[in-house]
Protein chains: 2
Amino acid sequence: MKIIEISKVLSNKTRVDILKWLKDPEANFPPHQDIDHFDDGVCVGFIQDKTGLSQSTTSTYLHAMQNADLVIPTRHGKWTYYKRNEPVIQAYIELLKREI
Amino acid sequence: MKIIEISKVLSNKTRVDILKWLKDPEANFPPHQDIDHFDDGVCVGFIQDKTGLSQSTTSTYLHAMQNADLVIPTRHGKWTYYKRNEPVIQAYIELLKREI
DNA sequence: TTTACATATCTAGAAATTTAGATATGTTTT
DNA sequence: AAAACATATCTAAATTTCTAGATATGTAAA
């Protein structure tokens, strides 16, 4: 895990917002219809609505976050759900504590 | 202090390196000639030598880091010395712990 | 087995970042 | 007061990021 790669993700307000929203899906998103929980996170459409950006941009951002290992995607039928990769997020903070 | 602003600084390897080097000036830089300590940090010339980048780029990076309040400049004669702003750096990590 | 829907990828233009050379500013030395 | 030196700022080109529209892909519904 590299500081630069994750810092790049965190250098954009929308991407940081997404990470924050995913801390508490119940508080930040409407309930899903197919499933009655947020165990695998939140579907792309809901995240897109919150960002106010285009579908492609939102998907690109999520992909960048996934690339940095900050989120984990899970497919359920037509939908892809994204949730936080908590261990990696915490490890990044610990890494900063040690390195910077 | 904003996450985005500091993350932008940390999204560049050279700038992260500078921050790391400044943790231990004795280990990473030759001794200054005018003064026999690193109490106010390290002069721009020494930092430039380590980066391998141009004088203007190094100065610009240092300025960006100062803008983000991550380093503190002190003038001694012809030289400007830069040192880490430890409380701000630690506060940023604490902020990340809470927010992201 | 088309059609509809959710998401991903491709393409591209606008904006920001990276970086260096040229020049300016401030300080010290001669 | 001029020359020398350390650092800062200006200008500009190359690269990267940001963002959306168009299109592709995968899944479910009709």
Side-chain angles (χ1 to χ4, degrees), chain A residues 2-19 22 29-35 38 40-68 70-83, chain B residues 2-19 22 29-35 38 40-68 70-83:
Chain A
K2 295 181 299 285
I3 289 180
I4 311 303
E5 190 190 358
I6 293 189
S7 296
K8 262 180 193 157
V9 169
L10 300 182
S11 71
N12 174 284
K13 170 154 170 38
T14 299
R15 289 188 300 251
V16 170
D17 282 344
I18 292 172
L19 218 46
L22 291 181
F29 298 96
H32 287 127
Q33 13 206 206
D34 256 44
I35 51 176
F38 289 105
D40 291 316
V42 180
C43 71
V44 177
F46 283 2
I47 296 172
Q48 188 205 328
D49 289 345
K50 286 279 278 191
T51 63
L53 296 174
S54 73
Q55 188 270 320
S56 78
T57 300
T58 306
S59 183
T60 299
Y61 280 3
L62 257 358
H63 187 260
M65 295 168 77
Q66 175 193 342
N67 243 357
L70 289 171
V71 294
I72 298 168
T74 308
R75 185 110 198 202
H76 280 250
K78 297 195 275 194
W79 294 272
T80 306
Y81 298 80
Y82 282 91
K83 72 175 168 202
Chain B
K2 296 184 297 289
I3 288 180
I4 311 303
E5 190 191 357
I6 293 189
S7 295
K8 262 179 193 157
V9 170
L10 300 182
S11 71
N12 175 284
K13 171 151 169 38
T14 299
R15 289 187 301 250
V16 170
D17 282 343
I18 292 172
L19 217 47
L22 292 180
F29 299 96
H32 287 128
Q33 12 205 209
D34 256 45
I35 52 176
F38 288 106
D40 290 316
V42 181
C43 71
V44 178
F46 284 1
I47 296 173
Q48 188 206 328
D49 288 345
K50 286 279 279 191
T51 63
L53 296 174
S54 72
Q55 187 271 319
S56 78
T57 299
T58 305
S59 182
T60 300
Y61 280 4
L62 258 357
H63 188 259
M65 295 168 76
Q66 175 192 341
N67 242 358
L70 289 172
V71 294
I72 298 168
T74 308
R75 185 110 198 201
H76 280 250
K78 297 195 273 194
W79 294 272
T80 307
Y81 298 80
Y82 282 91
K83 71 174 168 202

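Numbers restart at 1 for each chain; the letters A, B, ... are given by sequence-line order, proteins then strands.
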(request) Please tell me if the side chains of A:Asp34 and A:Trp79 come closer than 4.5 Å, counting only heavy atoms from C-beta onward. (result) yes

(message) Using side-chain heavy atoms (C-beta onward) and a distance below 4.5 Å, is A:Tyr82 in contact with A:Val44?
(response) yes

(message) Over all strands shown, is B:Tyr81 touching base, sugar-phosphate only, or nothing at heavy-atom distances under 4.0 angstrom?
(response) nothing

(message) In whole Å, I'd like the distance from the CG atom of A:Leu62 to the C1' atom of C:dA8.
(response) 11 Å

(message) Distance check needed: D:dC18 C1' versus A:Asp17 CG, whole Å only.
(response) 15 Å

(request) Give the rounded distance in Å between these two atoms: CD1 of B:Ile4 and P of C:dT17. (result) 12 Å

(message) Walk along nucleotides 20-30 of chain D from 5' to 3' and tag each nucleotide B, S or - by protein heavy-atom contact under 4.0 Å, base first, then sugar-phosphate.
(response) BBB----BS--

(request) Round to the nearest Å and state the distance from A:Lys13 atom NZ to D:dT17 atom C1'. (result) 18 Å

(request) Look at the side-chain N and O atoms of B:Asn12 and state whether any lies under 4.0 Å from the OP1 or OP2 oxygen of C:dT18. (result) yes

(request) Take the protein atom CE of B:Met65 and the nucleotide atom P of C:dT18, then report the distance between them rounded to whole Å. (result) 12 Å

(request) Side-chain contact test, heavy atoms from C-beta onward, threshold under 4.5 Å: evaluate it for A:Met65 versus A:Ile18 and give yes or no. (result) yes

(message) Less than 4.0 angstrom between a side-chain N/O of B:Tyr82 and OP1 or OP2 of D:dA8, yes or no?
(response) yes

(request) Kindly give the heavy-atom pair with the smallest separation between A:Leu70 and A:Leu19, and that separation in Å. (result) O-CD1, 4.3 Å

(request) Examine distances only and state if a side-chain atom of B:His32 and a backbone atom of B:Phe38 form a donor-acceptor pair shorter than 3.5 Å. (result) no

(request) Provide, to the nearest angstrom, the distance between the CD atom belonging to B:Gln48 and the C1' atom belonging to C:dT18. (result) 16 Å

(message) Please compare A:Ser59 and A:Lys8 by the position of their nearest nucleotide in DNA chain C and report the one closer to 5'.
(response) A:Ser59

(request) Report yes if some heavy atom in the side chain of A:Gln48 is under 4.5 Å from a heavy atom in the side chain of A:Leu53; otherwise report no. (result) no

(request) Figure out the CG/C1' separation between A:Asn67 and D:dT17, and round it to whole Å. (result) 15 Å

(request) Return the value, rounded to whole Å, for the distance between atom OH of B:Tyr61 and atom C1' of D:dT7. (result) 17 Å

(request) Please examine the side chains of A:Leu22 and A:Val71, heavy atoms only from C-beta on, and report whether any two atoms are closer than 4.5 Å. (result) yes

